[in-house]
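Here is how names work: the chains are called A, B, and so on, in the same order as the sequence lines, proteins then strands, and each is numbered from 1.
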There are 2 protein chains.
Amino acid sequence: MNIGTASEKSGLPAKTIRYYEEIGLLKADRAGNGYRDYSMSDVHRLRFLQRSRAFGFSVEECRQLLSLYGDSERESADVKAIATTKLGEIDRKLAELTEFRNTLRHLADHCLGNNLPDCPIIDGLSGKSAVQ
Amino acid sequence: MNIGTASEKSGLPAKTIRYYEEIGLLKADRAGNGYRDYSMSDVHRLRFLQRSRAFGFSVEECRQLLSLYGDSERESADVKAIATTKLGEIDRKLAELTEFRNTLRHLADHCLGNNLPDCPIIDGLSGKSAVQ
DNA sequence: GTAATCCTTCCAGTAACTGGAAGTTCAAGG
DNA sequence: CCTTGAACTTCCAGTTACTGGAAGGATTAC
């Protein structure tokens with residue numbers, strides 16, 4: 001499939017897909033006319049990249065994560081270690097994001113909608129994590 | 001407190017704090033010696049910024065979110081609308097991140113640790129969200 | 001008093017895209 | 001078959017959000 005279709009299916013702009021190829025993240029086959037040609041397998045990797053990036057992993061981390069897709073020369077144990085590390089990071093992200101959501105919810109529910117410029121709840125909430 | 005202390009307490013590098021001041025996100029008082037002087041309230045905002053950025057909100061979105069701290073001229077209803085929108089986005093992020101974690105967990109648990117280069121689970125998992 | 005550390009500004013560099021120009025190829029309609 | 005418009009190509013410049021380092025002034029520690 002062409003890059004436009006791969007873009008649609010993966011959620012990544014065509015520009016970004018070309019950029020990823022340029023930096024060696026995911027190289028595509030070429031059709032006879034010079035157009036890039038993507039398989040469903042490529043689309044899965046692209047979608048995986050889209051999510052990894054969206055969740056704050058750097059491109060270099062994504063390069064490691066991609067080895068989970070078995071397209072690298074890495075040792076299986078090596079790849080497993082990477083996955084385990086990243087899983088820990090994701091769990092931490094999830095916990096922090098949940099806490100952040102609660103902060104925002106409190107702010108919206110208790111500190112807005114009236115005309116109080118200084119809400120006492122705000123400092124308690126936002127400071128909680130800072131004072132560790 | 002000086003920028004170094006504010007940096008420690010907020011989790012943002014001093015460089016970044018100065019950058020945020022430069023682009024008008026959070027301006028600090030100045031002490032007699034010209035040093036920036038931060039209050040605990042500033043630190044709360046900085047920490048809030050640190051988290052918002054880490055969770056993928058752009059600097060411009062952070063500018064909006066900061067209005068939750070009551071330091072803007074915005075209408076209360078306006079601010080509440082922003083908060084509600086962002087809450088929706090965070091909920092979506094949480095759902096996606098959870099799904100991504102599960103993908104990674106499956107990959108680590110079922111597709112690695114042995115020497116199978118092509119795992120049939122991978123395609124099912126990674127394609128799931130792409131085919132909507 | 002002086003050395004180390006922290007602060008200041010300024011300017012250059014980096015990561016990860018993103019937009020636009022100029023040209024090629026393809027699919028659809030006449 | 002020809003044309004027109006969309007999708008593709010490469011290349012280069014611009015943007016966002018930092019990040020590093022130089023040059024110099026202020027503060028703290030011995």
Trainee: Give a yes or no on whether a salt bridge exists between A:R47 and B:E99, defined as a side-chain N under 4.0 angstrom from a carboxylate O.
Mentor: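 A salt bridge is absent here (no side-chain N lies under 4.0 Å from a carboxylate O).
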Trainee: Which residue, B:E21 or A:S58, contacts DNA chain C at a nucleotide closer to its 5' end, judged by nearest heavy atom?
Mentor: B:E21
Trainee: Nearest whole angstrom, please: distance from the P of D:dA17 to the CD of B:Q50.
Mentor: 16 Å
Trainee: In B/S/- notation, 5' to 3', how is nucleotides 18-30 of chain D contacted by protein heavy atoms closer than 4.0 Å?
Mentor: BSBB---BBS---
Trainee: To the nearest Å, how far apart are B:R36 CZ and C:dC7 C1'?
Mentor: 9 Å
Trainee: Mind checking side-chain contact (heavy atoms from CB on, under 4.5 Å) for A:K93 and listing every partner two or more places apart, or none if nothing turns up?
Mentor: A:F57, B:L97
Trainee: Between B:D42 and B:S39, is there a side-chain donor-acceptor contact under 3.5 Å, judged purely by atom types and distance?
Mentor: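 The answer is yes; a qualifying pair exists.
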Trainee: Not counting sequence neighbours, which residues clear salt bridge (charged side-chain N to carboxylate O under 4.0 Å, His left out) with B:R92? List them please.
Mentor: none
Trainee: In whole Å, I'd like the distance from the CD1 atom of B:I23 to the P atom of D:dT16.
Mentor: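 Atom CD1 in B:I23 sits about 10 Å away from atom P in D:dT16.
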Trainee: Starting at atom CZ of A:F57, determine the distance to atom P of C:dA16, rounded to an integer number of angstrom.
Mentor: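 Distance, rounded to whole Å: 14 Å.
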Trainee: Is the shortest side-chain N/O distance from A:R30 to OP1 or OP2 of D:dT10 below 4.0 Å?
Mentor: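 Yes, because at least one side-chain N or O of A:R30 sits under 4.0 Å from OP1 or OP2 of D:dT10.
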Trainee: Can a donor-acceptor pair be found, under 3.5 Å and without considering hydrogens, that links the side chain of A:S7 to the backbone of A:I3?
Mentor: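 The answer is no, because no donor-acceptor pair under 3.5 Å joins these two groups.
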Trainee: Separation of B:L12 atom CG from D:dA17 atom P, in whole Å?
Mentor: 14 Å
Trainee: So do B:R53 and B:C62 actually touch side chain to side chain, heavy atoms under 4.5 Å?
Mentor: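 Counting from C-beta outward, B:C62 and B:R53 do come under 4.5 Å.
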Trainee: Rounded to whole Å, how long is the line connecting atom CD1 of A:I3 with atom P of D:dT10?
Mentor: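 Atom-to-atom, A:I3 to D:dT10, this comes out as 9 Å.
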Trainee: In whole Å, what is the span from the CG atom of A:N2 to the P atom of C:dT24?
Mentor: 19 Å
Trainee: Starting at CD of A:E22 and ending at C1' of D:dT9, how long is that distance when rounded to a whole Å?
Mentor: 13 Å
